[in-house]
Amino acid sequence: MTNNQKKGGSYRKIILTFIIAIFIPSIVIGYFSFKVVSERRQSVNRLLESTLWISGENALNKIEQILLDYETSVLKSDNYRILTDDTKGVKYNSNWRFQSEKYRGRLFLIDKNFHIISPQTGFEKSPVSSYSNMEPVNYNQGWMRNAENSEFVEKDYTQAIDQYLKAQSVAVTQFQKVKATGGLGRCLIASKRFEEARDVYQELSNKFGNINNEAGHPYGIISELQLYKLATQEGYDKKGLNRLLDLYKEIRNGKWLLPSKSYIFFIAEIESIFIGIGDIEGSEDVLDSYNYLQTQSSVYKSILEFTELLEYVIIPRITDKTDRHTFRAETVPERYHILSGETPVLISYTILPDFIKGQTYYGGFCWDLDFMRQVTIPHILDSLMLESDLVFNNINNFELPLDYNNEESISKGSLAIAYRQFPFPWKLIITHPEIADFKKGAIWENFYYGALIALLVSIMIFGAVLIFRDISRESETMRMRTEFVHNISHELKTPLTLIRLFSETLQRKKDISKEEIRDSSTIITKESERLSHLIDNVLDFSRIEMGKKEFNFTEVSLSKVVENTLESYRYHLKKKGFTVQKEIATDLPAIPVDAEALASVLINLLSNALKFSPDRKEVIIRLFRKNESIVLQVADKGVGIPKAEIARIFQRFYRVKNNQDLVSKGSGLGLALVKYIIEAHSGWIQVESEPGEGSVFSIHLPLKEP
């Protein structure tokens, strides 16, 4: 079994031990911890939610009971009797809005035929037929026909004036008199008798302003428009604008009960006049007032819009409801909500008991939902929150929070309840603060458990990584030690074999010459020195490992140390077939070094050069001064060192394989000793190498001048 197989088996055992003894128990503990916390949280959550349902139902009942009391106070007959007052105009319609500090809305009154009694507006149909059927045949009609023929056909305004005056004098009804007066005013303007015309229209406006002509237009509005034109013709521009502005206000405020089309017509007519006028001196305040009115809502326009809602939406719903219920408690209110455009509307209505004896009337109330959303509902919810520990809010049916409350107060664990008796376009949200606090605490508790387990697992994984690393290092060290023993044994065996061989030669050979004796003695001496060097390396490394290595620094010349070392190693270089090129400076100053240690450094570098230069057997030794240091270089033309391994070659027992997978024998201690010795001399070593091009080791020793 190889070392890698043994190493892989050890890793698998360690991983399996870690999973069984540490990782799986941690996962099991974490799972059951989370399960217990989750079950406890769910149990408490169910209990709180059950309490929340009961509390929420009670709160909803209280809210709706308050709203029912509001509704009852609105749908009383007394509130509608004022709407049947004979007073017309602004005062009549001023009561259609119901306002209090707690609730607001619009009242409406409908008779048994589903005709709108209040709010009152003009009729869309022309009242000509009703007038013509009621008028008796008399002299007025003859004079009116003659006057209209003179005005519109013959264009004889003087004759028409006389005829209108005659028709006015013989008028039987008020309408006949008003009609003749209107024609008189038109002919006076056509005859440019402006002063008289102004008096006529002033009389029409003051006395007959609420009477409508055949087209359904009030004579009050027609008179005011004519008075404005007369004022502009006479040069009273500002005075005319003031009259026009007053008329604009009166129409918007509902002084005349105009039908919708007439209202739109007169408003557009007046606005076109204001838009078309130029800069009139002194009229800035009038134009400012007009522009301000443009930004305000029209009271009468809102009445018209509400009347259309009643006519086309609400009354058909009431009619359908009445047809489908042949028997019901007549005073029980009905409620439903509709959309007026994009605006939700809530309607409450009921039959008014004993409103007018023998007649059926429907009284209704259109709730102001904006006011309810911003004032009424929040006021009720605030009072309920003071009485309980609950938090109330509202969301509409699209799950969007109402704008009067903070969205952040709505919790995901809240209870949403639809209103039972009032079909509001929103739901009631009830939240128990303890639920939110409990959920928040549960989240933090789970987070703490998770963080603790994650930390525990991380520590265990970190510990396992450290163990793996130590085991890997130890395994690698053991492998390298084994290789070291094998290699050092081989290194020691070679010189011992040579020593034994030449010793036996001297011992057994009888006729040996002096030259052979000298050569054999030389070889024995050199191999002994080599053997001594190997043993010194091992001993030095052992001392370094135990921290007992010491150096003997003396002032010596590095040139002599290098020359002597090369001389002692000359035999080995010659035997291996190497040529040595020396570039040694002789004028270098002596520096304090350990000569034997530096000799060992040079021998180790030469030994590596010999081992890893199988083809180009050339070694260059350089010694020179560079700046403030002395540099010793050993260059070879060998196999070189890959760049990725240069940083590791100074590790103990580490040996590099060349590109041809040639493994040179050695202890793996030489370069480790070189680095240690050089650093002990406060120096450093640099390596430059290219695979296939050789290597250059440069040793820098600091120069200390004597």
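Index from 1, following the sequence. Excluded from the calculations below are hydrogen atoms, water molecules and symmetry mates; all remaining heavy atoms, backbone and side chain alike, are included.
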Nearest-0.5 Å distance that lies between atom [atom1] in [X] and atom [atom2] in [Y]:
| X | Y | atom1 | atom2 | answer |
| --- | --- | --- | --- | --- |
| Ile189 | Lys229 | CD1 | NZ | 8.0 Å |
| Leu188 | Gln226 | CG | CD | 11.0 Å |
| Leu381 | Leu386 | CG | CG | 11.0 Å |
| Thr181 | Glu203 | OG1 | CD | 6.0 Å |
| Ile377 | Asp382 | CD1 | CG | 11.0 Å |
| Leu310 | Leu109 | CG | CG | 10.5 Å |

Does any N or O in the side chain of [X] come within less than 3.5 Å of the main-chain N or O of [Y], such that one atom is a donor and the other an acceptor?
| X | Y | answer |
| --- | --- | --- |
| Glu71 | Ser348 | no |
| Arg81 | Asn79 | no |
| Asn253 | Lys249 | yes |
| His337 | Val345 | no |
| Ser73 | Tyr70 | yes |
| Tyr336 | Ile314 | yes |
| Tyr80 | Tyr362 | no |
| Ser262 | Leu258 | no |
| Glu224 | Leu247 | no |
| Arg252 | Gln296 | yes |

Does any donor atom in the side chain of [X] or [Y] lie under 3.5 Å from an acceptor atom in the other side chain?
| X | Y | value |
| --- | --- | --- |
| Asn149 | Glu154 | yes |
| Tyr248 | Gln294 | yes |
| Asn61 | Gln65 | no |
| Tyr300 | Thr121 | no |
| Ser298 | Tyr263 | yes |

- Item | Ion pair check, Arg373 and Asp370, cut-off under 4.0 Å |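 Salt bridge: yes.
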- Between Asp246 and Arg243, is there a side-chain N and carboxylate O pair less than 4.0 Å apart?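 The answer is no: the pair does not qualify as a salt bridge.
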- Check step by step if side-chain contact (heavy atoms from CB on, under 4.5 Å) holds for Leu107 and Ser118. CA-CA 8 Å; Leu107 295 171; Ser118 178; over 6 Å; no
Is there side-chain contact between [X] and [Y], with at least one heavy-atom pair below 4.5 Å?
| X | Y | value |
| --- | --- | --- |
| Val391 | Ile430 | no |
| Ile251 | Ile221 | yes |
| Cys366 | Leu346 | no |
| Trp143 | Gln168 | no |
| Ser260 | Glu308 | yes |
| Phe108 | Phe365 | no |
| Tyr361 | Lys112 | no |
| Ile417 | Arg420 | yes |

Considering non-hydrogen atoms only, spot the tightest contact between [X] and [Y] and give its length.
| X | Y | result |
| --- | --- | --- |
| Asn210 | Lys255 | OD1-O, 4.2 Å |
| Phe175 | Asn212 | CE1-O, 3.4 Å |
| Leu428 | Phe392 | CD1-CD2, 4.3 Å |
| Leu384 | Ala59 | CD1-O, 3.9 Å |
| Ala416 | Ile429 | CB-CD1, 3.5 Å |
| Pro425 | Pro344 | CG-CB, 3.9 Å |

- Take Lys62 and Glu57 through the side-chain contact (heavy atoms from CB on, under 4.5 Å) test and state the conclusion after the steps. CA-CA 9 Å; Lys62 289 181 181 180; Glu57 288 291 335; over 6 Å; no
- Message: Could you go through Trp426 and Leu369, starting from their C-alpha distance and side-chain angles, then the distance that decides it, and tell me whether this counts as side-chain contact (heavy atoms from CB on, under 4.5 Å)?
- Response: CA-CA 11 Å; Trp426 57 69; Leu369 290 185; 4.2 Å; yes
- Query: Below 6.0 angstrom between ring centroids: does that apply to Tyr419 and Phe424?
  - Reply: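 Between Phe424 and Tyr419, which both carry aromatic rings, the centre distance is below 6.0 Å.
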- Those residues that, when tested against Thr158, pass side-chain contact (heavy atoms from CB on, under 4.5 Å) (two or more places apart):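 Scan of Thr158 (side-chain contact (heavy atoms from CB on, under 4.5 Å), adjacent residues dropped) gives Asp156.
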- Task: Any salt bridge (charged side-chain N to carboxylate O under 4.0 Å, His left out) involving residues 179-189? Give me the pairs, sequence neighbours left out, ordered by first then second residue.
- Result: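 Qualifying pairs, neighbours excluded: Glu148-Lys179, Glu151-Arg186, Lys179-Glu214.
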- Begin with the C-alpha distance, continue with both residues' side-chain angles, and end with the deciding distance and a verdict on side-chain contact (heavy atoms from CB on, under 4.5 Å) for Ile222 and Leu204. CA-CA 9 Å; Ile222 296 172; Leu204 273 176; over 6 Å; no
- For Tyr201, enumerate each residue passing the side-chain hydrogen bond (donor to acceptor under 3.5 Å, both in side chains) test, keeping only those at least two apart in sequence or located in another chain.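 For Tyr201 there are no side-chain hydrogen bond (donor to acceptor under 3.5 Å, both in side chains) partners, ignoring immediate neighbours.
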